[in-house]
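Structure first, then comments.
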Amino acid sequence: ESCYPSVVVLQCHPRSARTRHSDTNFLQYREESKTHEDKVIRNYYLQNREDYKRYNKLTGEVTSLVHHLRYLKSGSKVRIQITQQLLEKLYNMGVIHQKDTLSGVENLTTASFCKRRLPVVLKNLNMAQTMELAVKYVEQGHVRVGPHQITDPAFLVPRQLEDHVTWMDQSSIREKVKKYSRSFDDYVCQND
């Protein structure tokens with residue numbers, strides 16, 4: 001005698017058995033949606049999946065806002081004001097290329113935000129050969145944006161600060177770059 005109660009097996013109606021074994025695979029849909037997510041995470045070397053989810057949510061909210069703005073009258077003061085503010089903000093962030101129309105916002109993707117991350121900007125400025133190396137430089141404190149040292153790879157570089165991305169003064173990489181470019185001054189290094 002077992003201490004477990006006996007298991008009752010229920011017979012299904014033949015029609016419900018057919019629907020159970022249909023060709024729809026709901027688990028595969030989730031896998032397909034993750035392939036794009038994994039591709040973006042791999043391409044931009046995102047270390048935290050939450051960053052991707054945050055950018056994706058932000059993209060959805062902006063797209064939804066644009067969709068709702070289209071329902072307002074074209075001459076409405078509210079629509080014009082919100083549109084101008086949204087376009088100005090996204091343009092200053094560097095996420096869109098033109099601040100004239102909402103058509104650029106319709107093409108907004110998660111990758112648009114990923115392209116503004118500090119390691120991606122470092123790679124685009126040819127300060128690092130790979131994304132992995134760029135992330136390592138940022139985490140180790142070799143990079144500054146303006147006067148501030150940045151150690152968070154998720155830092156989004158606005159359009160105005162893109163020209164101010166440089167090496168830290170004490171960075172060994174900066175010295176190697178200077179030595180390689182033959183603008184290295186021995187006197188400055190000895191007196192520091």
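Atom set for the values below is all heavy atoms of this structure, side chains included, hydrogens, waters and symmetry mates excluded.
If you chain together hydrophobic residues whose side chains sit under 4.5 Å apart, L118 and V177 fall into the same group.
Classified by interplanar angle (parallel below 30°, tilted 30° to 60°, perpendicular above 60°), the ring pair H68/Y71 is tilted. Ring geometry, F113 versus Y55: the interplanar angle falls under 30°, so the pair is classed parallel (tilted spans 30 to 60°).
Side-chain atoms of T83 come within 3.5 Å of backbone N or O of R79 as a donor-acceptor pair. Here the side chain of R144 pairs no donor or acceptor atom with the backbone of M168 at under 3.5 angstrom. Here the side chain of S76 pairs no donor or acceptor atom with the backbone of L72 at under 3.5 angstrom.
Closest heavy-atom contact between A134 and P119: CB-O, 3.5 Å. Considering every non-hydrogen atom in both K123 and M131, the closest pair reads CD-SD, 3.5 Å. In terms of heavy-atom proximity, S172 sits nearest to H142 at OG-CE1, 3.9 Å.
Rounding to the nearest 0.5 Å gives a distance of 10.5 Å between NZ of K176 and CH2 of W167. Taking NE2 from H36 and OG1 from T109, the interatomic distance works out to 7.0 Å, rounded to the nearest 0.5 Å.
Because its NZ or CZ atom is both nearer than 6.0 Å to the ring centre of Y91 and within 45° of the ring axis, R159 counts as a cation-pi partner of that residue.
Using a 3.5 Å distance cut-off with no hydrogens or angles, the side chains of E139 and Q47 do pair a donor with an acceptor.
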Q: Under the side-chain contact (heavy atoms from CB on, under 4.5 Å) rule, what do V157 and R117 come out as? Steps first, then yes or no, please.
A: CA-CA 6 Å; V157 180; R117 290 169 56 95; over 6 Å; no
Q: Check the pair D51 / N48 against side-chain contact (heavy atoms from CB on, under 4.5 Å), numbers first and verdict last.
A: CA-CA 6 Å; D51 289 339; N48 190 355; 3.8 Å; yes
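A salt bridge links R70 with E106: the closest approach of a Lys/Arg side-chain nitrogen to an acidic carboxylate oxygen falls below 4.0 angstrom. Salt-bridge annotation for E37 and K53: absent, with no side-chain N of the basic residue lying under 4.0 Å from a carboxylate O of the acidic one. Between R49 and D38 there is a salt bridge, since a side-chain N of the basic residue sits under 4.0 Å from a carboxylate O of the acidic one.
Taking a 6.0 Å sphere around CD of E61, one finds it holds more than 12 heavy atoms contributed by other residues, nucleotides or ligands. For CD of E132, the number of neighbouring non-hydrogen atoms (other residues, nucleotides, ligands) closer than 6.0 Å is 12 at most.
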